[in-house]
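So the structure is just underneath, and the comments pick up after that.
In each ligand, atom 1 is the first atom listed, and ligand 1 is the first ligand listed. Residues take their numbers from the sequence shown, with the count starting at 1.
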Amino acid sequence: MIRFDHVSKKYKGTAKPALNTIDLEILRGEFVFLVGASGSGKSSFLRLVLKEDRPTSGNIHVLGQDLGSISSRKVPYFRRNLGVVFQDFRLLPNKNVFDNVAFTLQVIGKSRGFIQEAVPDVLQMVGLAEKANRLPHELSGGEQQRVAIARAVVNKPAILLADEPTGNLDPLTSAGIMNVLDRINAGGTTIIMATHDNAIVDQMQRRVIELVGGQIIRDDRQGGYGMTAAIGLQDSGMTAEITRPDPLSLRMQATGAIERPVLPVAGEPAAAPASTSSANAVNSSAGRESAAVSTGGTPVIPQLNRNTSSVPVVPVVPRVPTTSVPVQVSTQTGQISTQTGQVSTQAGSHSQPQVGEPPHFFPPAAADVRQADTGPVERLSTVAPADAAAAPNPVNTVNGANTAHPDGDPDDLTTGQLSLAEKLGLRAPGANHDPAADQNVGPTS
Ligand SMILES: Nc1ncnc2c1ncn2[C@@H]1O[C@H](COP(=O)(O)OP(=O)(O)OP(=O)(O)O)[C@@H](O)[C@H]1O
């Protein structure tokens, strides 16, 4: 699905490459954390996947396409297969939640009927069905990020790139976001998430690729955040991130139990301190939404409790024993791929998308702990109109790079002033556009 062959990226005027001879393969359906100290190359990696930049050397294949052979004119079409979520949300401030999500579909010419069906579905999935008419500034940070996620996935991208999506959020709210991402991944979307959030990485136990100085020093199939990345954070003064207590560990120490706390599925408190009372506040203020479990006053960064639902969840990638694979990644992932094709649901009702099959858009709400707290599982409908196969999706610049490109790369769509639609990769630069879409907004809470 994504393959880097000896990829290096060196920016003009810099002494060291931002990425140095990267070889790696990411398979369909994987959830991959990209960790590493500030400046280790995470965003550069994501930019290359998006073809927002091009490598100095090496080859990149995404979704079977050699990125080097995609012309600038075709980049927006390529990017419709990718969704991107950023730390700072980047919603349109003057459009309500529905219109922010619908915007993606309007730009690429989806029918009104499709939009009327797809947007409510995706808002339901992210837990914002009741807030479709709100403006971004009327939402909490976590809710704004949910809108951004909804916008990123409304047209079923094969790949979702998330650059520090929880970077502006408190732990409890972050956990809610991770729950949403986990569910999107369970529907078949490959997710690559750059993050400094050690607690999330440690608890999710997914594939972890760690960069140091532009090189992959670790590739754990079921990894944790790791010491090297943490040391890098300390070096860069971002110690708050690494000193956050791991509530799950604390809870396990306290109880000796290994059960996972329950995740809040949808919605977050406007400003959620991680405490029992705030978790309850979420619950009461958000009807069907469940609250995070907090034990003994210890804030719990929730983790999916896949066992609380009667509907089994399909493992997206079969879990193999944790093995550190600093190099030769593709060899191992090739083996995984074979296994993936054999996986089916325990219930037999929901299978993983196979190669060539678009991702199911919303998995059953099995991973959704609403059932545990609120009764029967509410199954989320799928967005499956006939024209959904085109699967366009918002794509934006990574790290807000809507500035002139340092290399003067002719393929670089970040050059010059671009509208949001252009930055989202939905329209080729210079095409007709909605002037109202030219503004972005960061966090408003
Ligand atoms: N446009 C650019 N021009 C020159 N150098 C750049 C550019 N973008 C990134 N770099 C350099 O490339 C290296 C990798 O940067 P990158 O943004 O990919 O790191 P990162 O791991 O995403 O960092 P952070 O966690 O702080 O976002 C850094 O040394 C950075 O200074």
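Within the 4.0 Å heavy-atom cutoff, R47 counts among the residues contacting ligand 1. Note on ligand 1: G41 sits in its first shell, one or more heavy atoms being nearer than 4.0 Å. Using a 4.0 Å cutoff on heavy atoms, K16 does not count as a contact of ligand 1.
Atoms of ligand 1 lying under 4.0 Å from any heavy atom of T14, numbered from 1 in the order shown and given with element: 4 (C), 5 (N). Near S44, the atoms of ligand 1 lying under 4.0 angstrom from a non-hydrogen atom of the residue are 14 (C), 15 (O), 16 (P), 18 (O). Taking a cut-off of under 4.0 Å to the non-hydrogen atoms of H196, the atoms of ligand 1 that pass are 25 (O). Atoms of ligand 1 found under 4.0 Å from any heavy atom of K42, numbered from 1 in the order shown, are 18 (O), 19 (O), 20 (P), 21 (O), 22 (O), 23 (O), 24 (P), 25 (O).
Taking both residues in full, the closest heavy atoms of K95 and N100 are given as O-ND2, 2.8 Å, listed atom of the first, atom of the second, then distance. Closest approach of G83 to P157, counting heavy atoms only: N-CB, 3.6 Å. Here the shortest heavy-atom pairing between V49 and V62 reads O-CG2, 3.9 Å.
Neither the backbone nor the side chain of E164 comes within 4.0 Å of ligand 1, counting heavy atoms alone.
For the pair D163 (side chain) and F86 (backbone), a donor-acceptor distance under 3.5 Å is absent. K51 places a side-chain N or O within donor-acceptor distance of the main-chain N or O of L67, the cut-off being under 3.5 Å. Side chain of K42 to backbone of A37: a donor-acceptor contact under 3.5 angstrom is found.
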> Please walk me through it: do I108 and N155 pass side chain to side chain contact (heavy atoms under 4.5 Å, CB included)?
Replying inline: CA-CA 10 Å; I108 60 172; N155 219 358; 3.4 Å; yes

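For the residues S38, S43, A18, A37, the heavy atom positioned nearest atom 26 (O) of ligand 1 is part of S38.
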